[in-house]
There are 2 protein chains.
Amino acid sequence: MTSPAAACRPREVLDIVADKWSLFVVRGLADGPRRFTELKRGIDGISQRMLTVTLRSLERDGLLTRTVHNIMPPHVSYELTPMGGTLHEATAPLMRWSFENLSRIDAARAAYDARG
Amino acid sequence: MTSPAAACRPREVLDIVADKWSLFVVRGLADGPRRFTELKRGIDGISQRMLTVTLRSLERDGLLTRTVHNIMPPHVSYELTPMGGTLHEATAPLMRWSFENLSRIDAARAAYDARG
DNA sequence: CTGGATCCCGTAGGATACTG
DNA sequence: CAGTATCCTACGGGATCCAG
């Protein structure tokens, strides 16, 4: 692509947001540490594989920490890092916007589809 | 904060955000109406097909309007609706977060990969 | 200039089964 | 409980050609 350096690259960070599950995991950890199964129960529709993959990715990005507590029985807890916390705060307006505009978007879609 | 309920479906709206190109298109229209080729030039790496697809999707959701000027040569302009404008505003904190944390994320990734 | 129509490939991601 | 390992399919998305 050889793009000029002038192009800022929100791409890399927005890929975190653009991920299908990342924001839901971040949101699931917003109120404090959670364990794997707690997280899975709290995120509707996520598969165990995608929860694992997403957690690994967020851990790699320094947004959450993974702590193994014991040998047996296995007990692993996940917790947002400070940076993960600020990410969650940064997404708050977007979340609010989502709730406030869901019905309007539904209406727009219906109208668009009706126009054929 | 973050009341536990709200088991709504942010999924549908977050899918807009989770889209690879939507936020870039919204951003490209933030300063006023733009034409197809202007948008394409402004969004680094987007293909003509994905720009078309993304524009259609955003139009369907009521986030932007498409206006065809019946002159030669063909002239189509896209413009954010008020709702599209508020979406852009809602993403502002996230954009700011991106710029502020890019280097930190790069460092976290490097450290993670080094440990691995 | 603004796209629509095809072709084609890589990968995201779901289902399932197995392990420490 | 908290994953890992496969398998497999759908769809995202790039390249290319064509049309109004």
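Just so we're on the same page: letters track the sequence lines, and every chain starts at 1.
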- line: The nucleotide from C:dT16, C:dC1, D:dG3 with an atom nearest the side chain of A:Arg66 is D:dG3

query: Starting at CZ of A:Arg34 and ending at P of D:dA2, how long is that distance when rounded to a whole Å?
result: 13 Å

- prompt: Should A:Tyr78 and A:Val25 be marked as a side-chain contact (heavy atoms from CB on, under 4.5 Å) after you check the CA-CA gap, both sets of side-chain angles, and the distance that decides it?
  reply: CA-CA 10 Å; A:Tyr78 295 88; A:Val25 172; over 6 Å; no

query: Considering all heavy atoms of both residues, which atom of B:Gly62 and which atom of B:Met83 are nearest to each other, and what is their separation?
result: O-CE, 3.5 Å

- prompt: D:dG14, C:dG3, D:dC1: which one has an atom nearest the side-chain heavy atoms of B:Thr52?
  reply: C:dG3

message: Go nucleotide by nucleotide along DNA chain D from the 5' end; which of A:Gln48 and A:Pro73 gets its closest nucleotide reached first?
response: A:Pro73

task: Please report, rounded to the nearest Å, how far the C1' atom of C:dA12 is from the CG atom of B:Asp19.
output: 14 Å

field: Under-4.0 Å side-chain N/O to phosphate OP1/OP2 contact, A:Tyr78 with D:dC1
entry: no

message: Tell me whether the side-chain N/O atoms of A:Arg49 come closer than 4.0 Å to OP1 or OP2 in D:dA5.
response: no

Length of the line joining A:Ile46:CD1 and D:dA2:P, which is rounded to integer Å: 14 Å

- request: Find the distance B:Arg56:CZ to D:dG12:C1' and express it as a whole number of Å.
  value: 18 Å

- line: Here the distance between atom C1' of C:dG3 and atom CD of B:Glu38, to the nearest Å, is 16 Å

field: Distance, rounded to the nearest Å, where B:Leu55 contributes CG and D:dG13 contributes P
entry: 14 Å

query: Rounding to a whole Å, what distance do you find between B:Leu39:CG and C:dG3:C1'?
result: 13 Å

message: Can you identify which nucleotide, out of D:dC17, D:dG13, C:dG14, has its nearest atom closest to the A:Met50 side chain?
response: C:dG14

message: Just N and O in the side chain of B:Lys40: are any of them under 4.0 Å from OP1 or OP2 of C:dC1?
response: no

query: Would you call B:Asp15-B:Arg11 a salt bridge at under 4.0 Å N-O?
result: yes

statement: Closest heavy-atom pair, A:Arg34 versus A:Asp31, reported as atoms and distance to 0.1 Å, is NH2-CB, 4.0 Å

- line: With the side chain defined as heavy atoms from C-beta on, B:Arg35 is closest, among D:dA2, D:dG14, C:dC1, to C:dC1

- request: Starting from C1' on C:dG20, measure out to CZ on A:Phe36 and report it in whole angstrom.
  value: 15 Å

query: Closest heavy-atom contact between B:Lys40 and B:Ser47?
result: CE-C, 4.2 Å

